[in-house]
Amino acid sequence: MSFEELMKMAKRRGFFWPSFETYGGLAGFYDYGPLGRALKKKIEDLWRSCFIREGAIEIETPTINPEEVFHASGHLREFKDLMVRCSACGESLKADQIEDATCPVCGGSLEKEGEKFNLMFKTQIGAREGGREGYMRPETAQGIFINFPNLYRINREKLPMTVIQLGKGYRNEISPRQGMIRLREFTMAEAEIFLDPEDEDYHEIEEKMELKLLRRGGDAVEVKLKSSPEMAGGMMMAHHLQLAQKFLTELGIPESVIRFREHEEEELAHYASCCWDCEVYTEKYGWVEVAGIADRGTYDLEAHIKESGVDFTALRKFGEVRKVKRRAVLANTELIARDFQAVNGIKKALGEMDADLLKSVKDRGGKVKIEVDGKGFEIGPRYFDVLDIEDEASTERFVPKVVEPSYGIDRILLMVLAHSYSKEGDRWVLKLPPKIAPVTLAIFPLIKRDGLDTEGKRVYEEMSAKLSSLGLICKYDESGSIGKRYARADEVGTPYCVTIDHQTLEDGTVTVRDRDSTTQTRVKEENLCDRILERSW
RNA sequence: GCGGCCGUAGUCUAGUCUGGUUACGACCCAGCCCUCCCAAGGCUGAAGCCCGGGUUCAAAUCCCGGCGGCCGCACCA
């Protein structure tokens, strides 16, 4: 099996093909045909059920976001780098690292015009005058983060809280390559797990499951995470590494081609403190990232607090009354009133200042400069006190940390095809797990006469009515020879072919052919539906 | 974005160097015939020179430009 053959099959049979071929083609965009669309939907459904199963809630937010969102998230700043190329050695350099117009690598001269590497698609929202700038989202995650207060309330203020979103993401890649591997518009499936950093032991780690971990700068090792979840970055990270492997193997990707690779320090995204890529191996592309499980810490929620001023905290309940130490600034209002008058302004300003800082100022006998209504004041140590107070409290507010598994659905679909497509002698067989096969059932008359064709169409209509209500696709085919029809069905991974033969007319039984073994069993027509659904639903 | 190679039906491909009949063949696809279980066979049919300009009596073929693709470099937050 080569990737070229796979891509040809995908186009010929209707899984996917490059977009806009009518107008000369455009790299980084792919269309899904009927089979691809059906397969993709089933992969998405399976992913969704993997998370819903453990209590996740799903939302949908816009793909276009106003500028503020990405200003807060740091995406805007990250993309403002100017890249400049050296015309002598070809080295690409970030413009802010260059002091004069010479190349720090070879001393050659640099091109005058730098290029902006902004990987977000920019767009205008509303009328040109008074409109706002917007961007196509490069990840679905921000739509979840900015909704945290709503979601936390809707989730009855319980953590951990897992929020998922499936949808399109956009990255204006400089030069997309490798067909479907790097797209400019693609489908992501992301989960944000909000949790209390002081209480991470939510999940049982599966003892038996073995993962291949490639740690920073090290060799890959097979480990059972039960004994050392800290290897993966904590219980929640370990759990999601396992979940990723379970999901991929359920799609038919063998365990032997799945591994997890820890990001090197310099490889980490600006928001992540730790990240494991889940990679799948293929001959053609080597190890390809299909999912990333990142520890985003409190980065995003803190960023949105700072940008918006909105409260993105959660409430931690101690379950008992605790003594909580707190440092408070107490203004000496009598003295302030006597010497400065502007009591309320100064008191307010003192209250907003950092208590620890004021403490150290007071301890050294220094002065604090304060401006109130344009007038400056120098406040000496005797005008305020810094007190350590012990309160009693049964709750406190905190910013939750976030663990983020993020899956690339298009890449996963490609990997699923690559690892299920095989040649058996002369026949191409797509050995998809029955529950994700785009076409579940094909119905053939053995030959096109003797009433077998009309009987076949009748069976087809009945089965199609039943299966389509479950979202499953059923096909009827009477063209060519029976062998050719089996071959056509095998090529697109149809797990079951039902043939109507002369015996059907006598006793109401049909044959069910299994794709992988090609063996046939005879079943009564009334049992056919149950038989098909056993493994396909 | 830079460099190299490339662009003929849905797919693979002959033809391009050396301009000249109706652009070769295969697969796939559709219709009909045949066919009692794994791409049998027959007949018929649909479908193509990436786009634009130039040279020429004449361009798939030669020249220029554009677009797109593949590979390498860079990029991949």
Side-chain angles (χ1 to χ4, degrees), chain A residues 3-5 7-14 17-29 33 70 73-81 83-94 111 113-120 138-139 169 171-179 181-184 186 263 266-272 275 277 284 288-289 292 294 408 424-429 442 444-450 452-453 477-491 497-505 510-515 517-520 522:
Chain A
F3 244 90
E4 282 71 22
E5 280 166 323
M7 299 305 275
K8 271 181 226 159
M9 184 282 292
K11 184 170 180 183
R12 189 157 45 85
R13 293 301 188 190
W17 53 80
S19 300
F20 309 118
E21 285 188 315
T22 306
Y23 291 105
L26 187 59
F29 296 93
F70 300 119
S73 71
H75 287 91
L76 207 54
R77 175 169 27 85
E78 293 295 319
F79 292 133
K80 282 277 157 103
D81 285 338
M83 301 297 287
V84 178
R85 176 175 290 275
C86 170
S87 40
C89 72
E91 187 75 15
S92 272
L93 304 148
K94 288 188 176 180
E111 291 169 3
E113 292 295 315
E115 308 169 51
K116 261 186 194 165
F117 275 59
N118 192 328
L119 293 195
M120 286 195 292
E139 56 173 10
R171 296 177 191 187
N172 197 2
E173 298 285 352
I174 311 301
S175 65
R177 293 283 168 85
Q178 305 178 309
I181 302 262
R182 273 174 78 192
L183 296 172
R184 287 180 165 134
F186 51 97
H263 274 205
E266 63 274 13
E267 194 180 356
L268 287 168
H270 63 277
Y271 49 71
C275 184
D277 277 352
K284 164 97 175 170
V288 174
E289 177 198 352
E424 314 252 316
D426 283 342
R427 31 191 291 274
W428 286 105
V429 187
F444 311 142
L446 181 58
I447 54 170
K448 230 186 321 182
R449 54 179 168 77
D450 303 343
L452 297 183
D453 48 345
D477 189 357
E478 58 170 31
S479 124
S481 67
I482 187 75
K484 194 161 191 168
R485 289 176 237 151
Y486 286 143
R488 270 197 282 254
D490 287 341
E491 195 176 28
C497 295
V498 160
T499 298
I500 310 301
D501 57 16
H502 292 81
Q503 197 180 328
T504 307
L505 301 178
V510 297
T511 60
V512 179
R513 170 186 178 273
D514 178 77
R515 178 194 64 205
S517 62
T518 76
T519 56
Q520 287 177 305
R522 194 165 272 280

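Below, read A as the first sequence line, B as the second, and so on, with proteins coming before strands; counting in each chain starts at 1.
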Check your understanding: Between A:His502 and A:Ile447, which heavy-atom pair has the shortest distance, and what is it?
Key ->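 Minimum heavy-atom contact is CE1-CD1, 4.1 Å.
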Check your understanding: Closest heavy-atom contact between A:Phe444 and A:Ala489?
Key ->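 Nearest heavy atoms, A:Phe444 then A:Ala489: CZ-CB, 4.3 Å.
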What distance, rounded to whole Å, do you find between the two [atom1] atoms, one in [N] and one in [M]?
N      : M      : atom1 : value
B:rA39 : B:rU44 : P     : 25 Å
B:rC71 : B:rG15 : C1'   : 26 Å
B:rG10 : B:rU21 : C1'   : 29 Å
B:rA14 : B:rC33 : C1'   : 32 Å
B:rC75 : B:rG19 : P     : 47 Å
B:rG68 : B:rC34 : C1'   : 46 Å
B:rC27 : B:rA9  : C1'   : 12 Å
B:rG7  : B:rA58 : P     : 25 Å

Compare all side-chain heavy atoms of [X] with those of [Y] and state whether any distance is below 4.5 angstrom.
X        : Y        : result
A:Glu478 : A:Ile500 : no
A:Leu76  : A:Met120 : yes
A:Pro445 : A:Arg485 : yes

Check your understanding: B:rG10, B:rC34, B:rC76: which one has an atom nearest the side-chain heavy atoms of A:Lys448?
Key ->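 Nearest nucleotide to the side chain: B:rC34.
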Review point. Across the strands shown, which category fits A:Leu183 at heavy-atom distances under 4.0 angstrom: base, sugar-phosphate, nothing?
Key: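 The answer is nothing, as A:Leu183 stays clear of every strand by at least 4.0 Å.
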Practice item. Decide, yes or no, whether a salt bridge links A:Asp477 with A:Lys484 under the criterion of side-chain N to carboxylate O below 4.0 Å. Key: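 Between A:Lys484 and A:Asp477 there is no salt bridge, as every charged N stays at least 4.0 Å from the carboxylate O atoms.
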Exercise for review: Spell out protein contact along nucleotides 66-72 of chain B as letters: B when the base is contacted, S when just the sugar-phosphate is, - when no protein heavy atom is under 4.0 Å; keep the 5' to 3' order.
Suggested key: --SSSBB
Practice item. Report the distance from atom NE2 of A:His75 to atom P of B:rA77, rounded to the nearest whole Å. Key: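 Whole-Å distance recorded here is 10 Å.
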Practice item. Only one of A:Asp490, A:Thr499, A:Thr518, A:Thr519 passes side-chain hydrogen bond (donor to acceptor under 3.5 Å, both in side chains) with A:Arg513; say which it is. Key: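 The passing option is A:Asp490.
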Review point. Do the rings of A:His75 and A:Tyr271 sit parallel, tilted or perpendicular, given the 30° and 60° boundaries?
Key: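 Tilted, since the angle between the ring planes falls between 30° and 60°.
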Exercise for review: Would you indicate, yes or no, if B:rG10 has its OP1 or OP2 atom less than 4.0 angstrom from a side-chain nitrogen or oxygen of A:Lys8?
Suggested key: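 Checking B:rG10 against A:Lys8, no side-chain N or O comes under 4.0 Å of OP1 or OP2.
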Set out, line by line, the N/O atom pairs under 3.5 Å between protein and nucleotides 36-41 of chain B.
residue: B:rC36; atom: OP2; partner: A:Arg449; partner atom: NH2; Å: 2.9
residue: B:rC36; atom: N3; partner: A:His502; partner atom: ND1; Å: 2.9
residue: B:rC36; atom: N4; partner: A:His502; partner atom: NE2; Å: 3.2
residue: B:rC37; atom: O2; partner: A:Tyr486; partner atom: OH; Å: 2.5
residue: B:rC37; atom: O2; partner: A:Gln520; partner atom: NE2; Å: 2.8
residue: B:rC37; atom: N3; partner: A:Tyr486; partner atom: OH; Å: 3.4
residue: B:rC37; atom: N3; partner: A:Gln520; partner atom: NE2; Å: 2.9
residue: B:rC37; atom: N4; partner: A:Asp501; partner atom: OD2; Å: 2.9
residue: B:rC37; atom: N4; partner: A:Thr511; partner atom: OG1; Å: 3.3
residue: B:rC38; atom: O2; partner: A:Arg513; partner atom: NH2; Å: 3.1
residue: B:rC38; atom: N3; partner: A:Arg513; partner atom: NE; Å: 2.6
residue: B:rC38; atom: N4; partner: A:Arg513; partner atom: NE; Å: 3.4
residue: B:rC38; atom: N4; partner: A:Thr518; partner atom: O; Å: 2.8
residue: B:rA40; atom: OP2; partner: A:Ser481; partner atom: OG; Å: 2.4

Point to revise | Any donor-acceptor N/O pair, A:Arg182 side chain to A:Pro176 backbone, under 3.5 Å | key: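 No; judged by distance alone, with no hydrogens or angles, the pair does not exist.
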